Structures are given as structure tokens and as C-alpha cells.
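Each remark here refers to the structure printed beneath this line.
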There are 2 protein chains.
Amino acid sequence: MPTPHYGQPRYRVIADELRRRIESGAIPSGSLLPTESALTAEFRASRGTIRQAIAVLRDERLVETEHGRGTYANPYRLVDGPGEGPEVETRERQVAADPELAALFAVEVGAALVEQQNITLMNGAVGAVVRIYRLPQGTQ
Amino acid sequence: MPTPHYGQPRYRVIADELRRRIESGAIPSGSLLPTESALTAEFRASRGTIRQAIAVLRDERLVETEHGRGTYANPYRLVDGPGEGPEVETRERQVAADPELAALFAVEVGAALVEQQNITLMNGAVGAVVRIYRLPQGTQ
DNA sequence: AGAAATTTGTCCGTATGTATC
DNA sequence: AGATACATACGGACAAATTTC
């Protein structure tokens, strides 16, 4: 079978699906993701592709992998014990440029921007939300 | 041929060497790196390993790759004007909480939040826009 | 304008090394 | 020691973007 990849590459499709499962709770926070070989079987993809999909989630800090053990979902979720310092939760996504951002970046309104959102938590409460906007890779 | 990787993995060794060449100027800023196939020949490594090495440098934002063209060295360097460093423009204002921010801060949609916006400039162009949201003083 | 060559992007299969349980 | 799982590396194939002729 050939390897067409029109549109989204497979590893992104798989990453999107896994992200959905984690965010929906289908894969509970703190639990292990299915193994690489299980995902290989389920998605009919090679190990390299599965690993690439997981790498995407790892970059987003949505999962964390431990050598010889497995890949955990949502390891940075706060379940703080008492007296812990501020924690940060990070997420990255693509958004459409609002008129002000469009003017700043000299792109059209609605153009794709990358938004990185950091949520600073203090004692379990949201202290501040930081949103960083950049042009997508390769467009600058 | 077996594939031992004692000590440093090969892709890291190659990444280190390429980083050295870029930082030493052996590969001038803004110029193209050797092609993947050229690096394959020079380092006697597979293309996957070369691409992994380049991915390391890409994560460091030391290089940028364009499909069908090549990989550029140091695309993000600042070329400051006379005596100027990177500049930041800051502004603070009050905004209404969008649904997501409202949920995060546990306030009603439309409630007042303080937004601090920092615009970082690189080469006179907008590099990133940072928006920090907090609850107004006295409400936390 | 169009075809060919070049270069990077994605995917596959496989093998071996290393860490953890 | 054995089983399991992640890390690294290889080689090959086809897709897609760019450049060159």
C-alpha cells in the first residue's frame, strides 16, 4: 500500500486524537497511555509514526515519557499538596488573528497565529494567564 | 552493520558539530546548511539521523527549514540598529473576560480583567505579542 | 509554460541498545 | 534472568515544495 498523506500528516491526526482523549478524560490524568505497540495496532501506523505523534504531545507538555516505563497523560496537572509554590500549565494551539494582532503582525484578519498559553497557578487558584502570540513556523 | 550508540547518540554529536559551525561562522548566518544528502555523505549517517540532528537545532531556533528549499542558519538573529537592543512596548488596559478566561478565573463572562500587553520587536518587526491577564487589584 | 531535477516531508519495516520492572 | 518499553539507527519508498532547465 502506498503512503499518501494529503492534508494532515498521519502523526498529526493521531496526535489530535490522543489529545482529544486526554482532554476529554478518556485517558485519565496521570494514567499511562497505551503502549507504542498498542497504538501501532490500533492506528495501523508504524512505530516511528506513533512516536512522532507522542512527541507532539510531549512538546505540548501534555504527556511525559519515562524511559522503560511508559508515557503518562497530563503529568503537570496540579494536584498540589499543601504549601507548594506556583505551578504553570502550558498549552499551545493555533488561533485566528484578531484585528489588533493582524495589524501588529502585518497579516490578514483571521490568519493563523500560534498561541501559547501559560496558566500560572498559586495554591490551586489561577494567578495569571499569559498568552504569547507568534507567527507560525516558517512564515517569518 | 550493527548500530551501537554508546555514550552520546550520533544525532547529538552531529548536532553539536553543526552548531559549532554555525556559531563559529563556518556556516554564515542566513546561509543554507549543506543538504541532507550531503550531510549523509559527510557524516556517514542515515538520513533519519541527519534529520534528527537538524531537528535538535530547529528546536533551539538556531536553524529554520523550508520545504523544498533547505535549512537556513540563524534566521532569528537580531541585527540591531545603532546601539539598539531588542525593544519592548508595554501597554496595560482593562478588558472583559472571554468565556475561557472567565472559567479560569472563576468570574462571570464579561467581568473586568487587567490585560498587560508586551510587544517584543526584532529587527523592527513584531516578534511576539504577550498578553498577561490578571484579576483587578483587590478582587483576589 | 512545462518538464525534470533537487530538496525536504512523511511513512514504512527492521534491528539493536538501554532502562525499568 | 526475563519481559516489557523506550531510544537510536538504518534503508527504502513516495509526496510535496522549490528551483532549474
Side-chain angles (χ1 to χ4, degrees), chain A residues 1-18 22 27 30-75 94 112 135-140, chain B residues 1-18 22 27 30-75:
Chain A
M1 191 157 45
T3 315
H5 51 93
Y6 304 102
Q8 284 263 303
R10 296 204 59 193
Y11 77 91
R12 289 210 172 272
V13 173
I14 296 172
D16 289 343
E17 170 62 15
L18 292 176
I22 293 172
I27 299 177
S31 72
L32 283 169
L33 266 65
T35 65
E36 289 184 349
S37 60
L39 294 172
T40 293
E42 176 184 347
F43 290 103
R44 304 292 190 89
S46 75
R47 255 191 70 212
T49 301
I50 296 298
R51 290 181 48 72
Q52 216 170 344
I54 293 177
V56 169
L57 304 180
R58 195 159 39 229
D59 281 351
E60 298 172 359
R61 302 195 143 236
L62 193 66
V63 303
E64 188 176 38
T65 298
E66 290 186 30
H67 194 164
R69 191 168 304 173
T71 297
Y72 290 92
N74 261 329
Q94 237 184 32
L135 291 172
Q137 292 285 342
T139 61
Q140 48 181 345
Chain B
M1 188 156 49
T3 314
H5 51 97
Y6 306 102
Q8 281 260 304
R10 298 200 59 195
Y11 75 91
R12 289 207 173 276
V13 174
I14 295 171
D16 289 344
E17 170 60 18
L18 292 177
I22 293 172
I27 298 177
S31 72
L32 283 170
L33 267 67
T35 66
E36 293 178 354
S37 63
L39 294 172
T40 292
E42 178 186 348
F43 290 103
R44 306 289 191 90
S46 73
R47 197 177 152 219
T49 301
I50 296 297
R51 287 178 55 78
Q52 212 170 347
I54 292 176
V56 170
L57 305 180
R58 198 162 34 230
D59 282 350
E60 298 170 1
R61 302 196 139 230
L62 193 65
V63 302
E64 189 177 36
T65 300
E66 292 184 30
H67 191 170
R69 189 166 305 172
T71 298
Y72 290 91
N74 261 327

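None of these values were measured; they are calculated from a predicted model. Quick note on labels: first sequence line is chain A, next is B, and so on, each numbered from 1. Only heavy atoms go into these numbers, but all of them, side chains included; no hydrogens, no water, no symmetry mates.
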Whether the side chain of B:Arg47 and the base of D:dG12 hold a donor-acceptor pair under 3.5 Å is what I'd like checked. no

Can you check whether A:Tyr11 has a side-chain N or O nearer than 4.0 Å to OP1 or OP2 of C:dT10? yes

Whole-Å distance separating the OH atom of B:Tyr72 from the P atom of C:dT7: 12 Å

Working to the nearest 0.5 angstrom, can you tell me the gap between A:Arg51 CZ and A:Ile14 CD1? 13.5 Å

Return the value, rounded to whole Å, for the distance between atom CD of A:Glu64 and atom C1' of D:dC6. 14 Å

Could you work out which one of C:dG9, D:dG11, C:dC12 sits closest to the side chain of A:Ser46? C:dC12

In whole angstroms, the gap separating P of C:dT10 from CD1 of B:Ile54 amounts to 13 Å

Any residue meeting salt bridge (Lys or Arg N to Asp or Glu O under 4.0 Å) with A:Arg47, in chain and number order, not counting sequence neighbours: A:Glu36

So which nucleotide from C:dC11, D:dA7, D:dA9 ends up closest to the side chain of A:Thr65? D:dA7

Can you check the B:Gln52 CD to D:dT8 C1' distance for me, whole Å? 7 Å

Which residue lies more 5' along DNA chain D, comparing A:Arg51 with B:Thr49 via nearest heavy atoms: A:Arg51

Distance in Å, B:Thr49 OG1 paired with B:Ile54 CD1, rounded so as to fall on 0.5 Å steps: 11.0 Å

Verify side chain to side chain contact (heavy atoms under 4.5 Å, CB included) between A:Ile22 and A:Leu33, making sure each step is shown before the conclusion. CA-CA 9 Å; A:Ile22 293 172; A:Leu33 266 65; 4.3 Å; yes

Could you tell me whether the side chain of B:Arg12 and the main chain of B:Val56 form a donor-acceptor pair under 3.5 Å? no

Do A:Ile27 and A:Pro34 come within less than 4.5 Å of each other through their side chains, counting heavy atoms only? yes

Nearest 0.5 Å, please: how far is OG1 in A:Thr71 from CG in A:Leu39? 8.5 Å

Protein-nucleotides 2-5 of chain D N/O pairs closer than 3.5 Å?
none

When the distance from CZ of A:Arg12 to P of C:dG9 is rounded to whole Å, what number comes out? 12 Å

Would you kindly give the CG-to-C1' distance between A:Leu32 and C:dT20, to the nearest whole Å? 12 Å

